Structures are given as structure tokens and as C-alpha cells.
Amino acid sequence: MESKSSSLGDGGKAELKVFNSLTRQKEVFKPITPGLVGMYVCGPTVSGESHLGHSRPYVTFDVVYRYLMHLGYKVRYVRNITDAGHFEEEGREAEDKISKKAVLEKLEPMELVQKYTNLFHWAMNLFNCLPPSIEPTATGHIVEQINMIEKIIAAGYAYVVNGSVYFDVMKYAQDHDYGKLSGRVIDELLETTRDLEGQEEKRNKADFALWKNAAPEHIMRWKSPWGIGFPGWHIECSAMSTKYLGDQFDIHGGGMDLLFPHHESEIAQSTICNHIAPVRYWIHNNMITINGRKMSKSLNNVIKLTELFSGNHPMLEKAYHPMTIRFFILQTYYRSTLDFSNEALQAAEKGLKRLWEAYENLVKLQAASYELRETPGDIELDARISKLLAEFDEFMKDDFSTAKVLANMFELVPVINSMKDKTIPVSALSARTFQLLQTQMKLFVEEIFGLKSITEADNKKLQGVMQLLVDIRKEARARKDFVTSDNIRNQLQQLGIALKDERDGSISWSIDTP
RNA sequence: GGUCCUGUGGCCGAGUGGCUAGGCUGAGCUCUGCAAAAGCUCCUACACCAGUUCGAAUCUGGUCGGGACCUCCA
């Protein structure tokens, strides 16, 4: 049977397969250096609040990160913070969105950036996303970006115009495949030229800025060999990934909407600079949609995370817990679109509750010492459970199919609950299978999927108070004083605390989701 | 317009050519003082048309619908 202890990358029985956007197929994952993985994920632009759509890549790659570590890899996970303002619309007068908004909010640009960075970290924390190994900021790497641009100019693939620097896509395309990642055809890119104002600086429409000359009113500005300005959007990721992960690294992740032009341009820049393709495996998550439409600022259909957690948004029927969102995301294959709706989210909420309570029941089963034998009492059931558990890794190794793992977990739920209710004896399973059930569930539920309890019932005083009420109710029931016992239960119900009379006469309680 | 993806039961969503994923909802039953929870059972779908095949949700072609990217975007 496949053991969860890994055999470090190559040599393992079942190999990890990932869908590589570059080749458009699943490939066996082999890190450049055995045992080590370098992973870069595009992080947030901290000029505003994160919304529901943003949560998808962070949760997705958090699970990728956790799973790679589970396989025994030492992972360096780099996720940037984009805190340098870029031009709003290409072709128009360059304007820095961060500084523009800062004026509106009467904040220093860095103050604004700090505010939204803090808010981002707050949300990541609620989502139970592990912090990356390195979280570099664009403003902290201006020097690296300038150096990189200089190299590209020296190589002859960029040109300077009026204090701005542009990457020469046409030249690059002569001896490289620009469009390989995104499936773009260079000739079409050049043909679909629209006449935009301010385009005259560029030799070709497809060219992109490496450095932009800053207008006098620009607050965020740095000195460069080409004058005062600010870096282009794409160069920061190239500079920071190169610095921390090397000229070539294993995984680059991000949303599908970044395929073009962002990632395509990253490849071009880095390839010229470092003489090697920067990334082995490109992994892209699909979008979260709302009524079938991508959630984005330009479509004006954004639900911010603060609104989502508070329920304070016209489209929301209620507040949703961060764990519900995490579970919701995990219930879908990361390469499929995920459509938001109150109905879907509430289904996820209930599903998570059911899974979590079964999981807690399983953990408690561990506390009691049951008789376990080597041979299972129910051979068929034992075999079924073993298979379901073994498939956890099998599914995850098949391009992180979290949805299938969850389906298996739900098949285990009735068995676990029945063991708790003693309608299925624990001895139906062999000692080995029972232990595997507990260890695998703990590993996947908590450590790999990163799920946590929705209710914070770990308050000592509350537990004391509840114990008191439970005791009083138990006593009342023993006296058949159902008026009192129902009163206690009903009043607690109104406070959002549910009491359950268990089969064995005990009473358990749980707090409803906010 | 170009490139690509997609269309599964009331809703959400897995699906490697044959053996009816899973979740939510709904109905019934069991347990229970009553509830809640839990357990059991039921509701058997693959846009449409044609083709390949002994056999297709799964492959091929076409039709229609939805979406993403081509512009800041997770």
C-alpha cells in the first residue's frame, strides 16, 4: 500500500502530475533540484481591498504548498506584494493608481499600501493560508528591476524613448516564441493594432513597458539611468523570482487572466536576461465568476472580502465564514470556473459543518481506548475504507484534485458517525485501518486542506457556563421536567447554540456559524 | 473579429468508452419525551444533431448557448 511518507520526488511509486499551462497537458513533476521546490505566485496589488476572486489563487496555491511539503519537499514559496503603482491604461497618459487614490484618501502612498497589505494579511490569516517563505515588495526591489532592464537593453531587446524603456517584442519574436504560453500568435498581435493615443513611443503595439517616465505629479518615483520614473508591471515578478529562486525555477502560479500579457512578458524578459526559460511548470487557476461573469473591478461585480465576512453587501444573503470560502474553493477543481451564489455557498457551509463534525467525532474516538484487532470484523468495509483513504494521495497527485478527495471524505462520514453511535463497532476495522483513518483524515483535513473549526468554542469560561446549563438540563430531563429542559434548549437555540441529546444520554452542543 | 475553454439531475459540482462520484435541497423511514443531529432508503442526469464503436456523458464532425484572453485584472 502506498505510504504517505514520501520518497522525495523521483523514485516514488505514484508520481505527482501537474497540468502545465506551457504544454497544455499533465506532466510528471520533477523539480530541478531533487528534494527542493521553488514556487512563485503572483501576489496582490495593494492599492485596494482584496475580493472574493483573489481568494482563489491564494487558497489553491496554499494547498499546493502544503501538499508539496507533505510529499517531503523543502519548498521556497515566494509571493510578491505589488506596491509600486503602474500605469492605469496603456497608451494614455501614465498615471499611478496608488498615488492617485492616495490623494483622494489623503494618505501617503506608503500608508495606503501598508493599510491594504495589512488587510490582505488579515484575510490570509482568516483563510488559514500559510505565509509564504518570502514576501518581497516591488518597491523594495527597484534596484534589481533597473539592473534587469539594463541587461535587456544591453542585449538589444529594449529601447529607450523619452525616459521610458520598452521591450522589443518584434525582435524577441524573431528568435523566440512569444506567445508560447498564452497561445498568442505574434503576427495577430501586431495586426490587431488599435490606434491608441500615446502609442507613438512604442515601435510596435505589442511592445510593453519596462520602465515608465514619471510625470511631475507622480508621487511614487525613482531615479534610474533613464530619468525619474517607475517600473513596468511585468518586470517586478521577473526580478524578484530571479533573485530568490534563481534563473530557472520549478513552479510559477497565478490566475488564468495573467497568462497574457503578464506571464508571457515575464518569460520574454527573463529569457533575455538569464538566457534560459524562467519556469518549468506554469500553473494557473481559473476564475471565480458571479452570475457567470468574472469578478473584476472593471465589471463592477466585486464582493470584497470584508463584505463577504460581514454579509454587508446587497448580493449577500448572509455573512460567510472564511473557512466556508476555503471549502467552497476546494470543492472544485482549480482549473474550472467556480460560480458564486448564495445557494452554492450555503451548501458549502452545511457540507463543511457535516464534515467537520464527523472529523471531530473521529478525533474523539481516538481518545477512548477501543479494542482493536489485527483482523477486521468487517472485511468488506475495511477494504472499502482502505481504498478511500489510499485514494487521497492518488487524487492529490493527479493535479491536486481536492474535489475528489473531499468526495471520498464524505463517503467516510457515515461510517465515522456510525462508529460514534456504535451502530458500527470500531472493531469492524482492523487496528491498522482504523489508525490510518485517523491519521489520514487529520493530515488531509487540517494539514493539507488547512481546514479549521468554524466556531470558536474554545473559550474556557463559555465552556464552563455551557457545562452548567447542560447539567441543569440533564437533571431536569431525568425528572421528566421537560418544560425546563426545553426552555433551556430553546433559549440557547435563539442565541445560536444548538444542544443535541446523544444516544448515550450525554448532551453535546455546537455554536452556529455567524 | 482572432485564440482558447466550456455546456452534467432542482442547485453546486467529479467523471480514465462499458460497472449509476460527492455535496446541498426535497420525500419517506429509524432512533428520540419532543426536537436537533445522525443513520438508512428514494428522486439515475449528461445542450442539440449526425458519425465512429458490440457499447459514448466520455472519441470525431457540425449546430446552438455560456465564458476567458486579446486592455488594469487572481
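These numbers were taken from a predicted model, which means no experiment stands behind them. Within every chain, numbering begins at 1; the chains are lettered A, B, ... in the order of the sequence lines, protein sequences first and strands thereafter.
No side-chain donor from either of A/Ser164 and A/Asn213 sits under 3.5 Å from a side-chain acceptor of the other. No side-chain N or O of A/Ser21 forms a donor-acceptor pair with one of A/Tyr281 less than 3.5 Å apart.
Nucleotide B/U60: paired with B/A50 (Watson-Crick or G-U wobble, both distances less than 3.5 Å). In a base pair of the Watson-Crick type (N1 to N3 plus N6-O4 or O6-N4) or a G-U wobble (N1-O2 and O6-N3), with each distance short of 3.5 Å, B/A21 is matched with no nucleotide. Pairing partner, B/A68: B/U3, with both Watson-Crick or wobble hydrogen-bond distances short of 3.5 Å. Pairing of B/A38, defined by two Watson-Crick or G-U wobble distances under 3.5 Å, is identified with B/U30.
Listed pair A/Lys205 / B/U71 meets the phosphate criterion, a side-chain N or O lying under 4.0 Å from OP1 or OP2.
Closest approach of A/Asp399 to A/Val18, counting heavy atoms only: OD1-CA, 3.4 Å.
Between A/Phe444 and A/Tyr67, the ring planes lie tilted relative to each other; the angle falls in the 30° to 60° range. The aromatic rings of A/Phe309 and A/Phe127 lie perpendicular to each other, with more than 60° between the two planes, well past the 30° mark. Ring geometry for A/Trp282 against A/His284 counts as parallel: the plane angle stays under 30°, on a 0 to 90° scale with 60° as the upper cut.
At whole-Å resolution of the value, CD1 in A/Ile424 and P in B/G39 are 10 Å apart. Atom C1' of nucleotide B/C12 and atom OH of A/Tyr320 are separated by 13 Å, given to the nearest angstrom. One interatomic measurement links the two molecules: CG of A/Asp207 to P of B/U71, which rounds to 13 Å at whole-angstrom precision. As a whole-Å value, the separation of A/Arg56 CZ from B/G67 P is 17 Å. Going from atom CZ of A/Phe392 over to atom P of B/G22 covers 14 Å, rounded to whole Å. Between the CG atom of A/Asn285 and the P atom of B/A68 there is a distance of 15 Å, given to the nearest Å. In this structure, A/Asn286 places its CG atom 10 Å from P of B/A14, rounding to the nearest Å. Separating the CG atom of A/Asp398 from the P atom of B/U16 is a distance of 9 Å, rounded to the nearest angstrom.
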Query - Per-nucleotide protein contact string for nucleotides 30-36 of chain B, where B marks a base within reach and S marks sugar-phosphate only (heavy atoms under 4.0 Å, - for neither) - result: -S-BBBB
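Taking the P atoms as reference points, B/G13 lies 24 Å from B/G17, given to the whole Å. B/G33 and B/G26 have their P atoms separated by 26 Å, with the value rounded to a whole Å. With P as the reference atom, B/U16 and B/G7 are 11 Å apart, rounded to whole Å. Using C1' as the reference atom, B/G55 and B/C19 are 13 Å apart when rounded to the nearest Å. Separating the C1' atom of B/G10 from that of B/A27 is a span of 13 Å, rounded to the nearest Å. Using C1' as the reference atom, B/A47 and B/C64 are 8 Å apart when rounded to the nearest Å. When the P atom is compared between B/A35 and B/C48, the two are found 44 Å apart, to the nearest whole Å. Distance check on atom P: B/C4 versus B/A45 gives 34 Å, rounded to whole Å.
Using a 4.0 Å heavy-atom distance criterion, A/Phe328 is classed as making no nucleic acid contact. In this structure, A/Thr423 reaches neither bases nor backbone, as no heavy-atom distance under 4.0 Å exists between it and the strands shown. A/Leu259 comes within contact range of no nucleotide atom at all, as no heavy-atom separation falls under 4.0 Å. Base contact: A/Met287 has a heavy atom under 4.0 Å from a base atom. Using a 4.0 Å heavy-atom criterion, one finds that A/Gly53 contacts the bases of the nucleic acid, with or without backbone contacts as well. Within 4.0 Å (heavy atoms only), A/Ile288 reaches at least one base atom of the nucleic acid. Residue contacts shown for A/Met409 are absent, as no nucleic acid heavy atom lies under 4.0 Å away. Contacts of A/Lys350 with the nucleic acid, taken as non-hydrogen atoms under 4.0 Å apart, involve only primed sugar atoms and P, OP1 or OP2.
Residues A/Met396 and A/Val63 form a side-chain contact, since some pair of their non-hydrogen atoms from C-beta on lies under 4.5 Å apart. Using a 4.5 Å cut-off on side-chain heavy atoms (C-beta onward), A/Lys420 and A/Leu362 make no contact.
Side-chain atoms of A/Arg184 lie closest to B/G2 of the nucleotides B/A37, B/C24, B/G2.
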